[in-house]
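For ligands, and for the atoms within them, numbers begin at 1 and follow the listed sequence. Sequential numbering from 1 along the given sequence is applied to the chain's residues.
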Amino acid sequence: MGMGLGGFQEANQLPMFQEFTKYQAHVDNEHRMAELTARCFDRAMSEIGPTQLNIPRDRFYGEIDVEIPRPMRLDRGPGGERSLDEAADLLAAAEFPVMISGGGVVMGEGTAQAVALAERLGCPVVNSYLHNDSFPASHPQWCGPLGYQGSKAAMKLIARADVVLALGTRLGPFGTLPQHGLEYWPEDARIIQVDADAKMLGLVKRIDVGICGDAGAAASALGDRLAGRTLTCDGNRSEREASLAAEKAEWEAELDDWIEETDDFSIDMIKEAAAEEGSWMHPRQVLRELEKAMPARVMVSTDIGNINSVANSYLRFEEPRSFFAPMSWGNCGYALPTIIGAKKAADDRPAVAYAGDGAWAMSMVEVMTAVRHDIPVTAVVFHNRQWGAEKKNQVDFYGRRFVAGELDGGENWAEIAQAMGARGVRVDQLEEVGPTLTQAVDAQMNDRATTVIEVMTTKELGDPFRKDALRRPVRFLDHYAEYT
Ligand SMILES: Cc1ncc(C[n+]2csc(CCOP(=O)(O)OP(=O)(O)O)c2C)c(N)n1
Ligand SMILES: [Mg+2]
């Protein structure tokens, strides 16, 4: 009744949420409450994203007599016959096919179908960006994630592809950009893209065949079309398997040896840390130790930041719905609240969140939510005393002109966690990293304890998010002349 009069907490919420919802409904009349509520859920499922139901306060009161609609769930098929036939022919003639397994495989619960098709093709399988749980990492054909801070093995193998099957992925820029100095996207390859959302087909990358369908259903339809056929790539299967295994072994060895960053800034930071009081670990070494100590069936959420991005190379999963990342939305403060939600949904699985110290400070009050509501989780906080990801841009593009990049308040995140009723452990010795994670996960599963593990790291920085998004500035003022 009072809309537009400036009452308490009045704001027009629809425009605020418009940009990041798939559908919005406003309840103008309580008699439409059930219909619009149902539509919001149906659209969230069919359009695969968030929807908003906007209910003015006074619409909550009153009695209505309606039939509550039953959920409507799309039965998504494999896609059109013509596009599936064309795709099957391309795959049958491919010398070096490569599969990208994306989030659509996870959301469509199509892992088994993706595995079966990959095995028929004997091809390398790479994960799309931050969908490391879209193919079992122990599978011999798994090569790791493509894109930012991804696997060199995945990139080198896809670079050789003559046909790419992009299964359930929008092929977003973050996941297809050059990385580790490799321009790996196979420009001359024939690209087959499968996505449940037609608007994603051919959006970022040129494609040859677009299949609008469910990733799992499309994989099995393609498998059916290839059954009984002799494929060109059957002829070179053993050579392809050998090069796949060799690339994987080489990348693993490189990760084992990649203890510290070697750019000028990182070298300076390592020296600085050595001269400082206290003990500081190399982020990559910590990530490797955490990886080794990850329990079976773990769910991991990662935040946005430099160390969290580097973590991409060290996170491997066996089952879908194990990896939660803010994706291209990129919101700091994502990991802890997300893992609390995941734990609530899957209480029988260990739940671990990674966050940088900056992002942690944006979100850590939720430790109290975990404690108060008995939703035990384990958080790892990378204490590098800086907004590292932002500073990386200032290193690469602005001559180390740091503006508000330091987080040097001397906080003790372990003690802050204890003050919120959780357990808190500070770790500054590499050999303690794995055992501390193991203990915290045991406490989570057996004593329902939430633990914050604070790991003390140097200020080394890995590659930045989007080298392509920044350029060196032209300085017109003497004051800034040296900052280029
Ligand atoms: C809500 C929000 N605010 C700001 C940013 C911009 N941002 C991206 S990464 C980053 C730095 C993160 O620092 P930290 O969490 O300490 O991780 P580090 O890079 O040091 O590993 C910031 C501020 C963002 N992505 N989201
Ligand atoms: Mg930080």
May I ask you to check if any N/O/S atom from Gln386 comes under 2.8 Å of the Mg ion (ligand 2)?
-> yes
Please could you name the atoms of ligand 1 that Glu390 approaches to less than 4.0 Å, counting only its heavy atoms?
-> 6 (C), 7 (N), 8 (C), 10 (C), 22 (C), 23 (C)
Pair Phe382 + Trp360: ring centers closer than 6.0 Å | no
Atoms of ligand 1 under 4.0 Å from any heavy atom of Ala359, numbered from 1 in the order shown, are 14 (P), 15 (O)
Taking the non-hydrogen atoms of Asn308, is any one of them nearer than 4.0 angstrom to ligand 1?
-> no
If you take all heavy atoms of Arg349 and Ser322, which pair is closest and at what distance?
-> NH2-OG, 2.8 Å
Does any N/O atom on Phe465 come nearer than 3.5 Å to any N/O atom on ligand 1?
-> no
Look at ligand 1 and say whether Gly330 reaches it with a heavy atom at a distance under 4.0 Å.
-> yes
Just which atoms of ligand 1 are under 4.0 Å from any heavy atom in Cys332?
-> 1 (C), 2 (C), 5 (C), 7 (N), 8 (C), 9 (S), 10 (C), 22 (C), 24 (C), 25 (N), 26 (N)
Which atoms from ligand 1 have a heavy atom of Gly388 less than 4.0 Å away?
-> 13 (O), 18 (P), 19 (O), 20 (O)
Among protein heavy atoms, which sits nearest to atom 21 (O) of ligand 1, and what does the distance come to when rounded to 0.1 Å?
-> Ile307 N, 3.1 Å
Between Asp357 and ligand 1, is there a nitrogen or oxygen pair with a distance under 3.5 Å?
-> yes
Salt bridge flag under 4.0 Å for residues Asp408 and Lys459 | no
Short N or O distance, Asn306 and ligand 1, threshold 3.5 Å exclusive | yes
Ionic contact status for Arg297 with Glu318, cut-off 4.0 Å | no
Any idea how Tyr480 and Tyr483 line up, ring-wise: parallel (<30°), tilted (30 to 60°), or perpendicular (>60°)?
-> tilted
Describe, in one word, how the ring planes of Phe174 and Tyr148 are oriented to each other, choosing from parallel (under 30°), tilted (30 to 60°) and perpendicular (over 60°).
-> perpendicular
With a cut-off of 4.0 Å, which atoms of ligand 1 are near a heavy atom of Gly358?
-> 14 (P), 15 (O), 16 (O)
Of the choices Tyr354, Trp387, Trp360, which has the non-hydrogen atom that lies closest to atom 23 (C) of ligand 1?
-> Trp387
How close do Leu244 and Pro124 get, heavy atom to heavy atom, and via which atoms?
-> CD1-CA, 3.6 Å
Please state which protein non-hydrogen atom is closest to atom 9 (S) of ligand 1 and give its distance, to 0.1 Å?
-> Ala389 CB, 3.5 Å
What N/O/S atom of Asp357 gets nearest to the Mg ion (ligand 2)?
-> OD1
Quick one: do Glu406 and Lys391 make a salt bridge, cutoff under 4.0 Å?
-> yes
Run the contact test for Met362 against ligand 1 with a 4.0 Å cut-off on heavy atoms, strictly below, and give the result.
-> yes
Under 4.0 Å between a Lys/Arg side-chain N and an Asp/Glu carboxylate O for Lys343 and Glu366?
-> no
Asp256 bridged to Arg288 by N-O distance under 4.0 Å = yes
Residues, nucleotides or ligands: over 12 heavy atoms within 6.0 Å of Arg73 CZ | yes
Heavy-atom contacts with Asn384 under 4.0 Å: which atoms of ligand 1 show up? List them by number with element.
-> 18 (P), 20 (O), 21 (O)
